[in-house]
Structures are given as C-alpha cells and as structure tokens.
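Okay, so here's the structure we're looking at.
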Amino acid sequence: MKKYLLTDSEAGWYKPCDTLDEAAAEVDNHISETDGDCTIQLFERAGGRRYKPIGAEMTIR
C-alpha cells in the first residue's frame, strides 16, 4: 500500500503515491489535465487501509 494518497473529489480522481516527489509530479499532471480547475487534497497513510489528511486542501482555478 502506498504511503500517500492524492484526491480531487470533484473530479472523482485519486492517485496513490510512494513519495512526496511523486505526489508533486502527479499534482502537476492533474493540474494540466483539468486546465487548472481542481481541488486537491493530500493524505498520509495512518495504518492499515486508513489515510489521514495532511496539510491543507488546495483549490486551483
């Protein structure tokens, strides 16, 4: 199971990632795919299959 999880609930998009560098690259890709209209939240694995939010939600318009 990956250590981090990115989500954009408005778009129904999620992307599990192993590292923060990988997560940053996926954020760049998603911003490009949505023409910058997205709301992304980053989660960190909290044990088992659970993730907890870290940082703040980021809305890009």
Side-chain angles (χ1 to χ4, degrees):
M1 184 164 271
K2 305 287 185 169
K3 183 171 181 174
Y4 300 101
L5 179 68
L6 292 166
T7 66
D8 180 352
S9 58
E10 293 176 6
W13 175 85
Y14 70 95
K15 184 68 179 180
C17 302
D18 286 317
T19 66
L20 289 174
D21 287 338
E22 182 183 352
E26 291 298 337
V27 167
D28 286 342
N29 290 338
H30 187 62
I31 290 169
S32 295
E33 291 169 359
T34 61
D35 294 324
D37 186 14
C38 55
T39 301
I40 298 171
Q41 190 166 12
L42 177 64
F43 295 84
E44 183 175 32
R45 195 167 79 190
R49 298 182 64 99
R50 296 182 24 225
Y51 287 86
K52 65 179 179 181
I54 58 174
E57 186 174 84
M58 176 175 47
T59 300
I60 302 159
R61 302 257 183 240

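- Hydrophobic cluster membership is shared by Leu5 and Met1, with clusters built from Ile, Leu, Val, Met, Phe, Trp and Tyr side chains linked at under 4.5 angstrom.
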Got a list of side-chain donor-acceptor pairs under 3.5 Å for residues 13-21, not counting sequence neighbours?
unit_1	atom_1	unit_2	atom_2	d
Asp18	OD2	Lys2	NZ	3.1
Thr19	OG1	Glu22	N	3.0

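- Distance check, rounded to the nearest 0.5 Å: CD1 of Ile31 to CG of Asp37 gives 11.0 Å.
- Annotation: ring pair (Phe, Tyr, Trp, His ring centres under 6.0 Å) contacts involving residues 39-59, sequence neighbours excluded, are absent.
- Residue Lys3 holds its NZ atom at 8.5 Å from CZ of Arg45, rounded to the nearest 0.5 Å.
- Within the 4.5 Å cutoff, no side-chain heavy atoms of Ser9 are placed close to those of Thr39.
- In this structure, His30 and Leu6 have side chains that are not in contact, with every pair of non-hydrogen atoms separated by 4.5 Å or more.
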